[in-house]
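We're numbering straight along the sequence, starting at 1. Because only heavy atoms are used, hydrogens play no part in the values below, and waters and symmetry mates are left out as well, while side chains stay in.
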Amino acid sequence: MYQVVRKLFFTDCKCAEDASSKTYQELFDKLDTNKDGKVDVSELKAGLAAMRTKTAAGAAQKIISSGDQDKDDGLDFNEFTKYLKEHEKKLRLTFKSLDKNNDGRVDLMEIKQSLADLGLDISKEEAEKILQSIDVDGTMTLDWNEWREHFLFNPATSLQEIIRYWKHSTVLDIGDSLAIPDEFTEDEKTTGLWWKQLSAGAMAGAVSRTGTAPLDRMKVFMQVHASKSNKISLVGGFKQMLKEGGLTSLWRGNGINVLKIAPETAIKFMAYEQYKKLLASEPGKVKTHERFMAGSLAGATAQTAIYPMEVMKTRLTLRKTGQYSGMFDCVKKILKKEGVKAFYKGYVPNILGIIPYAGIDLAVYESLKNLWLSRYAKDTANPGILVLLGCGTISSTCGQLASYPLALIRTRMQAQASIEGSEQQSMKLMVKKIVEKEGFFGLYRGILPNFMKVIPAVSISYVGV
């Protein structure tokens, strides 16, 4: 069937604008295996498999949904023809944007330049891998027919959508939102898709944080209270918390932790867009190092705005039964006892932690992405959600390892006024005392429950995707 369809559609037929109804009818008849006058998802999947066309998960469903005007879960001949014609028009525009010298063929350097224009810098070897995955005749250039054949039954139509496979957007939220924000295309911004994706990410984050709240409270508890002398373990810590406040105490501080997602996400996104415009060496083109700088500054801006909520989260997480009746009572008591400046305790180590986290997270993710492309991207540039989640998890973990000592210092500074008999210490003095008493690994107290949060967070992200 593959050879028949290939001959029918890719060799003998003209461009979509000039294709005859007969040619479309023949292709439609081949796909409509049960002869009911429409092509449904299962028939399209079988047809794509027969044509050896590798597509992203859910591609067949998206094609049917896009062309199904009468909402009968299938495409009749008119809907099928209209979808293909419109899709080919979009693909041709993308092909023309790649063909910089207008010679009717796209070569390696044109692919590399086009991706660089969109802020994705790749090596010559990586560009070759992309070219080889589409090139049919082995000339190491692409003509229109090869481009059309590769993407005709792929819902992605623009170059931005095609490289979006490798955008860092795995919705992995374990409570420390220091990563560089996602990119959005101009089309996504115009259509309003960006806020839907941000909302989906915020909801996934809320579910993830709620699901991992007991581990998060354990992390904070060990960061502040654990030492060589008391030897608080993971199991021992949970026993203490359950004994003091019961099962529901494991979720102390989760309310404010979920509440701060919305303002933090919105501020970070808006700040990121502005910083990109200010830092870009060329209008509309953002290089990797400029993206890192813009992301770090956006993270710092968002953290500055919502930092009082971070302090409240730490205090509410560590509170004893009856200490605070709720968030407003917590604010009232902090203001009365310590003043406004208490809401910015630990601010400096928090801001300093953004740079190693965001930088290492981005660098490791890019390295893993390039490794996957160089080894496995022979037939498709789409890695699949499991690979993306795996890369996101590893890069996030590496970022946390680098920034965790600063996170521990921040948490202790936030909490020190609420601990009876606690001495008020500067960041420098606190680091010195921890290293003297507990050694270097004292700066990593509580890292085990922190890493344990990754597993349920990844599971929630995978289900959400």
Q: In terms of side-chain geometry, is the basic nitrogen of D99 or K96 positioned less than 4.0 Å from the acidic oxygen of its partner?
A: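 Salt bridge flag = no for K96 with D99.
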Q: Grab the two heavy atoms, one from G446 and one from Y404, that are nearest each other, plus how far apart they are.
A: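 Of all heavy-atom pairs spanning G446 and Y404, the closest is C-OH, 3.0 Å.
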Q: Step by step, would you call Y357 with S396 a side-chain hydrogen bond (donor to acceptor under 3.5 Å, both in side chains)?
A: CA-CA 8 Å; Y357 183 99; S396 176; 3.1 Å; yes
Q: Less than 6.0 angstrom from the centroid, inside 45 degrees of the normal: does R92 satisfy that with respect to the ring of W144?
A: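 Relative to the ring axis of W144, which defines the angle, R92 lies inside both limits.
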Q: Looking only at non-hydrogen atoms, find the nearest pair between Q414 and K345 and report the distance.
A: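 Smallest heavy-atom distance, with atoms named: CG-O, 3.2 Å.
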Q: Calculate, to the nearest 0.5 Å, the distance between atoms CD and CD1 belonging to Q223 and I447 respectively.
A: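 Separation between the atoms: 9.5 Å.
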Q: Under the criterion side-chain contact (heavy atoms from CB on, under 4.5 Å), I'd like the reasoning laid out for L259 against M327: C-alpha separation, chi angles, the key distance, then a yes or no.
A: CA-CA 11 Å; L259 195 62; M327 284 185 278; 4.2 Å; yes
Q: Check L316, V311, L318 against T314 for a side-chain contact (heavy atoms from CB on, under 4.5 Å) and give me the one that passes.
A: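 Checked L316, V311, L318 against T314; only one passes side-chain contact (heavy atoms from CB on, under 4.5 Å): L318.
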Q: Quick one, E310 with N350, criterion side-chain hydrogen bond (donor to acceptor under 3.5 Å, both in side chains). Give me CA distance, side-chain angles, the key distance, then yes/no.
A: CA-CA 10 Å; E310 293 280 0; N350 185 65; 6.0 Å; no
Q: Would you call K38-D32 a salt bridge at under 4.0 Å N-O?
A: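 The answer is no: the pair does not qualify as a salt bridge.
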Q: Between K276 and E273, is there a side-chain N and carboxylate O pair less than 4.0 Å apart?
A: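 Salt bridge present between K276 and E273.
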Q: How many angstroms lie between atom OG of S249 and atom CZ of R252, to the nearest 0.5 angstrom?
A: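 Those atoms lie 5.0 Å apart.
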Q: Determine, step by step, whether K35 and D29 satisfy the side-chain contact (heavy atoms from CB on, under 4.5 Å) criterion, reporting the C-alpha distance in whole Å, the side-chain angles of both residues, the deciding distance to 0.1 Å, and the verdict.
A: CA-CA 7 Å; K35 307 303 177 186; D29 290 342; 4.3 Å; yes
Q: Angle between ring planes, W147 versus F95, binned at 30° and 60°: parallel, tilted or perpendicular?
A: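 Ring orientation, 0 to 90° scale: tilted.
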Q: For H87 and Y83, take the angle between the two ring planes, folded into 0 to 90°, and tell me which bin it lands in: parallel under 30, tilted 30 to 60, perpendicular over 60.
A: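 The arrangement is parallel - the two ring planes meet at less than 30°.
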Q: Give the minimum heavy-atom separation between A213 and W251, together with the two atoms involved.
A: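 Shortest heavy-atom separation between A213 and W251 comes out as CB-CD1, 3.4 Å.
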Q: Salt bridge (charged side-chain N to carboxylate O under 4.0 Å, His left out) between D216 and K453: does it pass, once the steps are laid out?
A: CA-CA 7 Å; D216 187 67; K453 292 192 296 178; 2.9 Å; yes
Q: CD1/I64 to CZ/F80 distance, rounded to the nearest 0.5 angstrom?
A: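 One gets 9.0 Å once the value is rounded to the nearest 0.5 Å.
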Q: Does a side chain donor of either N254 or T210 reach within less than 3.5 Å of an acceptor in the other side chain?
A: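 Yes - a donor-acceptor pair under 3.5 Å links their side chains.
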Q: For V106 and I111: C-alpha separation, side-chain torsions, deciding distance, then whether side-chain contact (heavy atoms from CB on, under 4.5 Å) applies.
A: CA-CA 7 Å; V106 175; I111 287 178; 3.7 Å; yes
Q: Between D137 and R105, does any NZ, NE, NH1 or NH2 come within less than 4.0 Å of an OD or OE carboxylate oxygen?
A: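 Between D137 and R105 there is a salt bridge, with a charged N closer than 4.0 Å to a carboxylate O.
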Q: Might you work through the side-chain contact (heavy atoms from CB on, under 4.5 Å) test for V220 and K313, ending with a clear yes or no?
A: CA-CA 10 Å; V220 175; K313 181 246 179 184; 4.1 Å; yes
Q: Could you give me the CA-CA distance, side-chain angles and deciding distance for Y275 and S296, then say whether side-chain hydrogen bond (donor to acceptor under 3.5 Å, both in side chains) is met?
A: CA-CA 10 Å; Y275 285 129; S296 297; over 6 Å; no
Q: Can you tell me how far the OG1 atom of T317 sits from the NZ atom of K219, to the nearest 0.5 Å?
A: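 Those atoms lie 9.0 Å apart.
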